[in-house]
Amino acid sequence: MALTLGFAAAAGFAPRSASAEPHSRLRIASFQTELARKGPGLLLDAIRKGDAQSRAVAALIAKAAPDIIALQGIDYDHRAAALTALAQQIEAAGHAMPYHFALRPNSGLATGLDMDGDGRLGTARDAQGYGQYSGHGGMALLSRYPILQDQARDFSALLWADMPDPMIPMRGGVPFPSAQAFAAQRLSSTGHWAVPLRLDSGAVITLLSFAATPPVFDGPQDRNGKRNHDELRFWTWMMEGAFGPAPEEPFVLLGLANIDPVHGEGRRGALRALLADPRLTDPRPRGPSGDDATAEFATAGPLRLSYILPSASWTVTGSGQHADPEASRHRLIFVDLALPPPAP
């Protein structure tokens, strides 16, 4: 099985603030920020200039005051300059998160192949994951607690063909768009990570973080729908030890699944299996109106696309959402968990 494991440099850039005193609960959040820009370096430039959207994103995160947050839709750069600038903006809004983690995503990673079958090369859809340049619309973690970067596992190089029983898009009896393209296609459209963090008590928790492709914007082969399904099904296999050691509890699976269990388009089997998995808990964070939708679009309406699924050993003490249309069409979701006991 062709599986590459790796880690990114995670760095602290500021001392912990007074708000980071030890407490009895752990607040974990996830947020599709929609901060991706059309070219490399543009996000950093926008943040430094204090554009309205980035300030709204920072304010929303500061309002939620998470201990750990998984971000999606944020451009990656080698030195994590944009992520650092955003974290500084969040701190200026009143909430310091001094540790960050980011890896180069599959989005925008060039393949040199026609990956969407349109007969052209070098387009955004010919990358390993949709993206106009390498790093476009990536993922990141911000944390009040140290990230154990040397123990992080990155599954993003796993080939789709190396998944157990992959759901292969087909045309005319052969893989779509071609056997060569499918053989080179990574499973992750953005990334799949297992990242451990150490709490003040000494306890170690692991975040299983991801961002899946939307199951739309394709043709009758349903390439994106099948890929979305397998990106979610990866976690079921991973928890069973198919790609190395299974995660030890306590862990939290979180990120952007880009599919609703009931409404909208997509193949729901893998998502529903995760939501029903006895190894996981589904707190279903709800907004002020009581609904559990996490995004709303003009054409598709409200959909539940983001998820935080703690392992079953956690005690969930609360959950909720924060929204600001100036920040993103997606809502920031959070779950409050009782802290695990101190490490022996």
Side-chain angles (χ1 to χ4, degrees), residues 10 12 16-31 60-71 90 94-101 140-149 151-153 193-210 235-236 238-239 245-257 261 274-288 290-292 294 304 306-323 331-344:
R16 297 178 70 180
S17 69
S19 66
E21 294 302 317
H23 46 29
S24 61
R25 67 107 170 106
L26 183 72
R27 174 164 288 185
I28 296 183
S30 185
F31 187 24
L60 198 65
I61 294 172
K63 178 181 179 181
D67 296 296
I68 304 164
I69 188 168
L71 304 175
I90 297 167
H95 185 64
M97 305 185 78
Y99 302 99
H100 62 232
F101 182 92
L141 301 175
L142 292 174
S143 174
R144 289 180 47 235
Y145 298 103
I147 298 169
L148 305 180
Q149 69 266 24
Q151 298 177 33
R153 291 191 287 167
W193 306 340
V195 183
L197 302 91
R198 188 179 302 279
L199 306 182
D200 288 341
S201 65
V204 174
I205 67 168
T206 300
L207 298 186
L208 308 180
S209 184
F210 74 108
W235 293 117
T236 298
M238 190 266 191
M239 288 188 294
E248 296 183 4
E249 296 201 37
F251 62 87
V252 180
L253 171 59
L254 78 170
L256 182 67
L274 285 175
L275 296 179
D277 195 309
R279 294 167 291 195
L280 300 171
T281 302
D282 181 14
R284 293 182 67 181
R286 297 177 183 272
D291 70 297
D292 64 359
T294 66
R304 187 185 183 196
S306 296
Y307 298 81
I308 302 175
L309 306 176
S311 59
S313 60
W314 287 103
T315 299
V316 177
T317 61
S319 64
Q321 301 182 0
H322 290 288
R331 303 172 187 174
L332 182 156
I333 63 172
F334 66 87
V335 171
D336 291 337
L337 304 169
L339 285 170

Handout entry: Rounded distance (nearest 0.5 Å) linking atom CG of L332 with atom CG of L60
Key = 5.5 Å
Handout entry: Test item: P247 and L208 side chains (from C-beta on) under 4.5 Å apart, heavy atoms
Key = yes
Exercise for the section: Please report the shortest heavy-atom distance between P261 and Y307, naming the atom on each side. Expected result: CD-OH, 3.1 Å
Completion exercise
Rounded to the nearest 0.5 angstrom, the CG-CG distance for L141 and L254 is 7.5 Å
Handout entry: Exercise: identify the closest heavy-atom pair between R279 and F251
Key = O-CZ, 4.4 Å
Problem - Least distance between heavy atoms, G255 atom then S30 atom - result: CA-OG, 3.6 Å
Exercise for the section: Can you measure from OG1 (T206) to CG (L197) and round to the nearest 0.5 angstrom? Expected result: 8.0 Å
Exercise for the section: To the nearest 0.5 Å, tell me how far I68 CD1 sits from I147 CD1. Expected result: 8.0 Å
Problem - Audit row: L207, I28, side-chain contact (heavy atoms from CB on, under 4.5 Å) steps and yes/no - result: CA-CA 10 Å; L207 298 186; I28 296 183; 4.2 Å; yes
Problem - Euclidean distance, L253 CG relative to L280 CG, rounded to 0.5 Å - result: 6.0 Å
Handout entry: Heavy-atom side-chain contact between L337 and V252 under 4.5 Å
Key = yes
Problem - E249 atom CD, over 12 foreign heavy atoms within 6.0 Å - result: yes
Completion exercise
Looking only at heavy atoms, the pair that brings H95 and A62 closest together is CB-CA, 3.8 Å
Practice task
Check whether any side-chain N or O of R27 sits under 3.5 Å from a backbone N or O of F334 as a donor-acceptor pair, and report yes or no.
Solution key: no
Completion exercise
What one should report as the nearest heavy-atom pair of A29 and P66 is CB-CB, 3.8 Å
Problem - Verdict with reasoning, W235 to D277, per side-chain contact (heavy atoms from CB on, under 4.5 Å) - result: CA-CA 11 Å; W235 293 117; D277 195 309; over 6 Å; no
Exercise for the section: Using the side-chain contact (heavy atoms from CB on, under 4.5 Å) rule, take I61 and L71 through it: C-alpha gap first, then chi angles, then the decisive distance, then the call. Expected result: CA-CA 10 Å; I61 294 172; L71 304 175; 4.0 Å; yes
Completion exercise
In this structure, NE2 of H322 is separated from CD1 of I333 (nearest 0.5 Å) by 12.0 Å
Exercise for the section: Output yes when a side-chain donor or acceptor of R153 lies under 3.5 Å from a complementary backbone atom of P245, and no otherwise. Expected result: yes
Practice task
Evaluate the criterion side-chain contact (heavy atoms from CB on, under 4.5 Å) for residue pair L274 and M239; output intermediate values, then yes/no.
Solution key: CA-CA 10 Å; L274 285 175; M239 288 188 294; 4.0 Å; yes
Handout entry: Minimal non-hydrogen separation, Q321 against T294, with atom names
Key = NE2-CG2, 4.2 Å
